[in-house]
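Down below is the structure, laid out as structure tokens.
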Amino acid sequence: MNLLDQLNPQQREAVETTDGPLLILAGAGSGKTRVITYRIAYLIDYCGVPPGNILAVTFTNKAAEEMRNRVDALVHTSLLGRPWLSTFHSFCVRLLREDGSKIGLRRDFSIYDEDDQLSVVKACVRRLSLSERELPSRGVLSRISHAKNHSQSPEDFYQTATDPMGEKVALAYQMYNKVLRESNAVDFDDLLLEAVRLLSEDAETALKYNQRYRYLLVDEYQDTNRSQYQLIRLLTQTQQNVCVVGDEDQSIYSWRGADIRNILEFEKDYPQARIIRLEENYRSTQTILDAAAAVVSHNLYRKGKKLWTSRRGDEKVYFYEGMDGENESLFVADWIVKRRKQHPDEKIAILYRTNSQSRLYEESLRRYGLKYSLVGGFSFYERTEVKDLLAYLKAAANPQDSVNLLRIVNSPPRGIGEGTVKKLEELARAHNLSFWDALEQLLEDRLAAKLDDKLLSARAASALENFYSLMKELQALVADAKVPELLNAILERTEYSARLEEEASPESLARLENIEELLNAATDSMERGEGLTEFLDHAALVSDVDAYDEKTSITLMTLHSAKGLEFPVVFLAGLEEGLLPHNRSLLNEHSLEEERRLCYVGMTRAQDLLILTRARSRRHYGDRMPVLSRPSRFWSEIPEELLQDISPRIGRPATAAPAAIPGERFYEYEPSESPSDHNAMPLGARVRHPRFGYGTVLQREGVGDDVKLTVSFPGVGLKKLIEKYAGLERL
DNA sequence: GATTTACGCCTTTTT
DNA sequence: GGCGTAAATC
């Protein structure tokens with residue numbers, strides 16, 4: 001069978017245009033993955049390109065894996081090697097492990113995840129003698145990450161920061177980078193930044209990779225950020241066989257530095273570029289497509305395109321308005337139960353804006369006895385026991401990795417208390433040593449009796465010695481032991497599992513299972529011929545969507561995670577102002593448009609049926625009273641003739657159980673008028689705050705003592721204040 | 001010094 | 001509603 005016969009004319013053109021820069025504008029469901037994989041197959045089979053000369057980058061391991069499988073099914077030339085398919089991040093890891101030494105990076109560097117990053121920031125804040133209140137670590141970390149996503153150095157950051165915090169954050173940022181370097185560690189963002197640095201500073205390495213990867217393919221180009229863009233530029237210096245695929249309407253990662261200009265200005269960057277549009281959709285019904293198109297057409301900042309399909313839509317887009325969040329989620333569960341009777345194996349997705357929304361759906365689905373799988377939330381590699389064991393491995397592989405060493409120094413408890421740790425940290429700082437080196441130094445000095453006994457009790461000292469010799473032992477094993485052996489050694493020497501077995505609580509048994517699973521993962525990795533470094537890299541670079549199992553029939557996930565996936569039935573939940581679009585994005589039109597794209601992404605996941613739901617009132621985390629909600633503006637952007645209401649009518653008595661939806665529980669509608677408080681600050685009020693000065697009230701939420709105000713203070717910014725405590729003065 | 005309690009903040013999205 | 005840090009208590 002001819003490869004090209006399975007493509008439409010535009011897809012075919014995209015596959016056959018092998019040389020020179022090519023931009024493929026691929027609408028949702030237009031067969032983008034098919035084009036990329038066929039193109040790879042075509043390059044190998046028809047053009048005789050050695051597979052090793054092809055590099056394709058994606059954003060998730062899942063996408064890379066899927067492409068790998070599909071390419072493998074198309075080409076049978078694995079003897080010639082395989083094309084390199086990976087995520088941006090794993091590609092960078094490989095680059096840096098191979099050639100990072102040229103920019104002063106050691107081969108055995110650790111990769112810090114968000115937890116590790118936060119520990120470093122906390123240490124930095126403490127070292128700056130600031131309290132968590134004065135400089136919250138979370139905020140600092142998010143600003144550091146934001147800076148890195150925009151390729152801003154601490155110095156750049158310092159110069160552009162305008163707020164009073166900026167200076168301190170810049171200092172923390174600088175210190176943070178220093179700590180990372182001293183720990184022989186890089187964070188997620190560094191992987192990209194350092195790869196860019198390597199390719200721009202070392203011409204020889206740049207040439208090597210330019211020659212190796214003569215054909216470059218980039219998926220989800222609209223999501224690339226500054227450093228990913230630079231990376232692509234640096235890899236296409238000697239040749240320009242670069243094919244990027246993207247859709248500006250699905251750009252939903254600008255908060256992570258994704259720059260839509262990369263796609264809009266592709267022709268400027270590569271003047272020879274050809275552009276091909278894929279506008280035939282093979283996924284959804286025309287109705288779903290029309291509804292989604294109607295929403296996204298309200299965006300001003302887009303090139304614009306028209307998707308079409310030959311699939312006729314017989315079913316309208318349904319919508320359901322529940323009394324509250326619980327009712328909304330019960331409706332979904334109930335609907336699924338009924339649907340199951342006709343379509344037992346149909347895949348159904350429940351999509352929402354924020355992870356916190358998943359809780360209601362989990363409860364409802366469980367109540368109805370439905371099995372589901374949840375993407376996001378706590379992933380396997382984030383569990384405490386798994387993180388602990390990984391920390392042992394990381395610390396053994398890279399003793400300079402102070403974060404992970406500190407994580408395990410007293411876990412499981414071995415008598416190295418906070419005080420002892422603090423002393424060691426002080427010693428390390430005083431002599432500019434890493435935690436490990438300080439430990440070594442301390443024990444040596446003690447042996448040489450250079451130390452007065454007051455500094456360290458005999459008990460603490462022997463505990464430290466034990467820990468030291470344990471780590472020494474593990475370090476020695478790193479060189480030639482396999483990962484499962486290493487893990488077993490750790491478990492044995494620390495009595496980690498023995499303790500859990502002894503405890504025998506449900507939680508500890510679950511932990512033991514996780515440990516078992518980690519051992520299995522290590523064995524699998526070993527059988528693939530991987531070493532410790534590869535195993536740890538893998539653990540660091542897996543994402544939530546990677547865990548998405550296509551076989552499970554009900555999937556709960558965020559709209560962000562859902563990108564690139566498709567389902568026969570999609571619920572788009574919580575379509576309310578404040579949720580979608582999210583409150584935080586209402587302040588400027590660019591972020592509002594991104595919310596609209598997010599809505600568009602969600603709608604276009606649906607193949608056959610799309611059901612929009614919302615709650616008329618919703619309880620926000622701690623609030624005593626549910627707050628009345630307004631339907632999302634995106635909702636009203638859908639032409640009415642495409643919609644069909646399947647909600648119960650307001651005020652219908654609970655006793656008149658509607659036959660249409662058996663088992664459904666209806667709630668009496670309680671008009672919860674917020675009692676107006678006469679002392680309250682109304683919207684638009686001019687106020688004075690003891691610290692922030694003069695401002696204007698922009699938003700009121702909650703009632704009574706819980707009233708929260710959003711106040712804009714010129715020169716300070718937006719502040720959320722509890723009215724009762726803010727000490728505001730009305731002017 | 002360690003465990004308990006209180007308070008405060010939070011939730012946007014994640015490779 | 002839940003987590004983490006800071007304060008309070010033994």
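We name chains A, B, ... by the order of the sequence lines, and we start the count at 1 in each one.
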| said: Under 3.5 Å, is there a donor on one side chain and an acceptor on the other for A:Arg97 and A:Thr533? | reply: no
| note | Here the distance between atom P of B:dT13 and atom CG of A:Leu598, to the nearest Å, is 11 Å
| request: With P as the reference atom in both, quote the distance from B:dT13 to C:dG4 in angstrom, rounded to an integer. | output: 16 Å
| field | Distance below 4.0 Å between A:Ser356 side-chain N/O and C:dG1 OP1 or OP2 | value | no
| request: Please check the phosphate of B:dT14 (OP1 and OP2 only) for any side-chain N or O of A:Ser561 closer than 4.0 Å. | output: yes
| message | Using whole Å, what does the distance between atom C1' of nucleotide B:dT13 and atom CZ of A:Arg596 come to? | response | 18 Å
| field | Pair A:Asn404, A:Lys387: side-chain N/O donor-acceptor within cut-off below 3.5 Å | value | no
| task | Decide, yes or no, whether a salt bridge links A:Arg618 with A:Glu576 under the criterion of side-chain N to carboxylate O below 4.0 Å. | result | yes
| said: Can you tell whether the side chains of A:Glu326 and A:Arg367 come within less than 4.0 Å, N to carboxylate O? | reply: yes
| said: Any side-chain N or O of A:Asn149 below 4.0 angstrom from OP1/OP2 of B:dT15? | reply: no
| query | In whole Å, what is the span from the CG atom of A:Leu192 to the P atom of B:dT15? | reply | 13 Å
| request: Round to a whole Å and report the spacing from CZ of A:Phe59 to P of B:dT13. | output: 19 Å
| query | Are A:Asn61 and B:dT15 close enough that a side-chain N or O sits under 4.0 Å from OP1 or OP2? | reply | no
| note | Shortest non-hydrogen pair, A:Val186 vs A:Asp190, comes out as CB-CB, 3.7 Å
| field | Under-4.0 Å side-chain N/O to phosphate OP1/OP2 contact, A:Lys62 with B:dT15 | value | no
| field | Integer-rounded Å distance: B:dT15 C1' and A:Gln117 CD | value | 11 Å
| message | Between the base of B:dT13 and the ring of A:Trp255 - centre-to-centre under 5.5 Å, planes within under 30° - is that a stack? | response | yes
| message | From CZ of A:Phe188 over to P of B:dT14, roughly how many Å is that when rounded to an integer? | response | 13 Å
| Watson-Crick or G-U wobble mate for B:dC10, both contacts under 3.5 Å | none
| field | d(OH, A:Tyr352; C1', B:dT11) in whole Å | value | 13 Å
| said: The side chain of A:His582 is closest to which nucleotide in this list: B:dT14, B:dT15, B:dT11? | reply: B:dT11
| remark: Closest of B:dT11, C:dG4, B:dT14 to the A:Lys122 side chain is C:dG4
| remark: Ranking C:dG1, B:dT14, B:dT11 by distance to the side chain of A:Arg359, first place goes to C:dG1
| said: What I want to find out is whether A:Lys32 reaches A:Glu220 closely enough, with some N-O distance under 4.0 Å, to be called a salt bridge. | reply: yes
| task | Please figure out whether A:Arg138 or A:Ser145 has its closest DNA chain B nucleotide nearer the 5' end. | result | A:Arg138
| remark: A:Asp113 atom CG is separated from B:dT15 atom C1', nearest whole Å, by 12 Å
| request: Look at the side chain of A:Arg584 and decide which nucleotide, out of B:dT15, B:dT11, B:dT13, has an atom nearest to it. | output: B:dT11
